[in-house]
Amino acid sequence: MVPVKELRSHQWYGGEGVRSFSHRARTRQLGYLPEEHLGKPVIAVLNTWSDINPCHAHLRERAQAVKRGVWQAGGFPLEFPVSTLSETFQKPTPMLYRNLLAMETEELLRSYPVDGAVLMGGCDKSTPALLMGAASADLPAVFVPAGPMLPGHWRGEVLGSGTDMWKYWDDRRAGLIGDCELAELESGLARSPGHCMTMGTASTLTAAAEALGVTVPGASSIPAVDSGHDRMAAKAGMTAVELVRDDRRLSRILTREAFEDAVTTVLGLGGSTNAVIHLIAMAGRAGVRLTLDDFDRIARTVPVLADVRPGGRKYLMEDFHFAGGLPGFLSRITDLLHLDRPTVSHDTLREQLSGARVHDDDVIRPRDNPVASEGGVAVLRGNLCPDGAVIKHIAAEPRLLEHTGPAVVFDDYRTMQRTIDDPALGITADSVLVLRGAGPKGGPGMPEYGMLPIPDHLLKQGVRDMVRISDARMSGTSYGTCVLHVAPESYVGGPLALVRTGDLITLDVGNRSLRLHVDAEELERRRLAWTPPPPRYERGYGVLHNGHITQADTGCDFEFLARPGQVPDPYAS
């Protein structure tokens, strides 16, 4: 057990100088008795609750459960509000601000008298941001996932947020449903606090956090409004105190083996393509070099066992939870995991998974009856994406996984929105829709524009999928034959900037290939004629972002945050 004098918070509270006197006096000003906090582990509760984030609408109450757990374990909790990163409202994309929350998390933990942390998030970018910042600060920490919302309902159908939004919006554009149906759907898609209940980015990343070993067991799939979620939050508070007493820091948890297991988990769940960028960035903060090649290598070894939409056909996260949750899922792929590594709750992952079971083989499939024989994400290479691109091929129509067609190019998202339904563009079902100007710098922030809309005249003919290529991301709840994260992006002169309407493009997922059928000499002529776009920003955070953001294949972190090096603790006395 860490002696009191070695607690980090003791630097603020335990000295004899005027600063320690001031810190104790100001803590009395807050209304706390000396015996409430002196000599106890101080736990920062970082809360991403806000009035504009429906995914985190319940976290104000859950913070009280976390505090209860900290108090019960003999610690002293302090709640800190941090950026909320609301996926549904923040524009142009919360991805623009992921690194800002990561910076806030790191510097808050470093600059205040705290010994450990409980990180509360779940909406897409909040999970990687909190863990990136906490990994850089390297204090003992536990993550509390916000949990999935209740399933949606409409006219006898069970709805998945995001996934069914896209589906019914296409039906609206095809003339199959009208305003009355749409109004009903608005009230039926999202029925409670919590993040998307499909295997979208939020559920994928909270599952990755559990696989990394930074949550209490089973935490990632507990429905947000279930009483078990309250109990999990209290347990997380207790665990944070125990971690401080054992001096078990995140650097002992976030190992190379842990990240490989997180990749295996994401691929076996048929999870979001966004996890590729976020896990690479998270690993970098932990001093682990994770690459696109690691994802592609692991994808060839792990089957998809979770039949959860959109990669699966039927079920949602509540079904997954009661079928055994992530412990049950992991119990079916133990031969693919590093079982002797530690987690925040156990000495080894092997011990943590002891007794884990699957209760419904239709939701979490046995190995001999997978949803897909290989992991749900493929990494593509070729002259159109020399630094790589990704595709969630299990969410695509199989007929399009090997396809050659003429490009129809859009220079930016607004132009695409305005013109996509114009018959004069001559778009057919065989066309390859190409969007550029949507990457980390060009977006700005790499928005989720990658599921390009299908022209309405094709929707009315029954077309529901086409090959689409961009340097953007797409929502984890999306589906279709969407090639994403093309690197380097068009804004910095990547090959995507040189594509012209009519050029033939071949997608060949089986051979992991994406090729533009234009010879090297012609591409060089186009490159010499290419003019860089004007800067997106003239001042403010946008200038910082565009000056330091890395490309998709390296995680879209700020290079000055991703680089190795030590940052000293502040002088507190």
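- Using a 4.0 Å cut-off between charged side-chain N and carboxylate O, Arg313 and Asp362 make no salt bridge.
- Looking only at atom types and distance, the side chain of Thr477 has a donor-acceptor partner in the side chain of Ser475 under 3.5 Å away.
- Within a 6.0 Å sphere centred on NZ of Lys235, other residues, nucleotides and ligands contribute 12 heavy atoms or fewer.
- Within a 6.0 Å sphere centred on CD of Gln72, heavy atoms belonging to other residues, nucleotides or ligands number 12 at most.
- Taking CG from Leu159 and OG1 from Thr198, the interatomic distance works out to 11.5 Å, rounded to the nearest 0.5 Å.
- Closest non-hydrogen pair, Ala234 versus Arg68, comes out as CB-NH2, 3.5 Å.
- Environment of OH in Tyr112: sparse, with no more than 12 heavy atoms of neighbouring residues, nucleotides or ligands closer than 6.0 Å.
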Next item on the list: Apply salt bridge (Lys or Arg N to Asp or Glu O under 4.0 Å) to Arg60 and Asp51, showing your working.
Entry: CA-CA 10 Å; Arg60 186 154 56 174; Asp51 274 331; 5.0 Å; no
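- With sequence neighbours left out, Tyr32 forms a ring-ring contact (aromatic ring centres under 6.0 Å, His included) with Phe76.
- Side chain of Glu104 to main chain of Val82: no donor-acceptor pair is present (N/O by atom type, distance under 3.5 Å, no hydrogens or angles).
- By the 30° and 60° cut-offs, the orientation of the rings of His58 relative to His229 is tilted.
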Residues 141-156 side chain polar contacts: donor-acceptor under 3.5 Å, at least two apart:
from	atom 1	to	atom 2	distance (Å)
Trp154	NE1	Glu184	OE1	2.9
Arg155	NE	Glu184	OE1	2.8
Arg155	NH2	Glu184	OE1	3.2
Arg155	NH2	Glu184	OE2	3.0

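- Put simply, the side chain of Asp296 never gets that close to the backbone of Ala378: no donor and acceptor are under 3.5 Å apart.
- Between Arg245 and Glu242 there is no salt bridge, since none of the side-chain N atoms of the basic residue sits less than 4.0 Å from a carboxylate O of the acidic one.
- Atoms CE and CG, from Met165 and Leu189 in turn, are 8.0 Å apart once rounded to the nearest 0.5 Å.
- Phe295 has its side chain out of reach of Val390: every pair of non-hydrogen atoms, C-beta onward, lies at least 4.5 Å apart.
- When side chains are defined from C-beta on, Met232 does not count as touching Asp226, because their heavy atoms never get closer than 4.5 Å.
- How far CG of Leu109 is from CG of Leu119: 7.0 Å, rounded to the nearest 0.5 Å.
- Ionic pairing of Arg332 and Asp361 is present here: one or more N-O contacts between side-chain nitrogen and carboxylate oxygen are shorter than 4.0 angstrom.
- In this structure, a donor-acceptor pair under 3.5 Å is present between the side chains of Thr84 and Ser50.
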Distance-only check: which donor-acceptor pairs under 3.5 Å involve side-chain atoms of residues 280-290, not counting sequence neighbours?
from	atom 1	to	atom 2	distance (Å)
Arg285	NE	Asp557	OD2	2.7
Arg285	NH1	Met132	O	3.3
Arg285	NH1	Ser136	OG	2.9
Arg285	NH2	Asp557	OD1	3.2

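- Contact between Pro113 and Ser9 at its shortest, heavy atoms only, is O-CB, 3.6 Å.
- Within the structure, salt bridge (Lys or Arg N to Asp or Glu O under 4.0 Å) contacts touching residues 257-276 (residues at least two apart or in different chains) are Arg256-Glu260, Glu260-Arg297, Asp261-Arg341.
- Under the ring-ring contact (aromatic ring centres under 6.0 Å, His included) criterion, Phe558 pairs with His545, Phe560, sequence neighbours left out.
- Side chains of Thr93 and Arg473: a donor on one and an acceptor on the other come within 3.5 Å.
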Checklist line | Glu157/Tyr168 under side chain to side chain contact (heavy atoms under 4.5 Å, CB included): CA gap, chis, key distance, verdict | finding: CA-CA 12 Å; Glu157 289 190 44; Tyr168 285 109; 2.5 Å; yes
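- Listed for the Arg309 side chain is a donor-acceptor partner under 3.5 Å among the backbone atoms of Lys314.
- Considering only residues two or more places apart in sequence or on other chains, Phe322 meets the ring-ring contact (aromatic ring centres under 6.0 Å, His included) condition with none of them.
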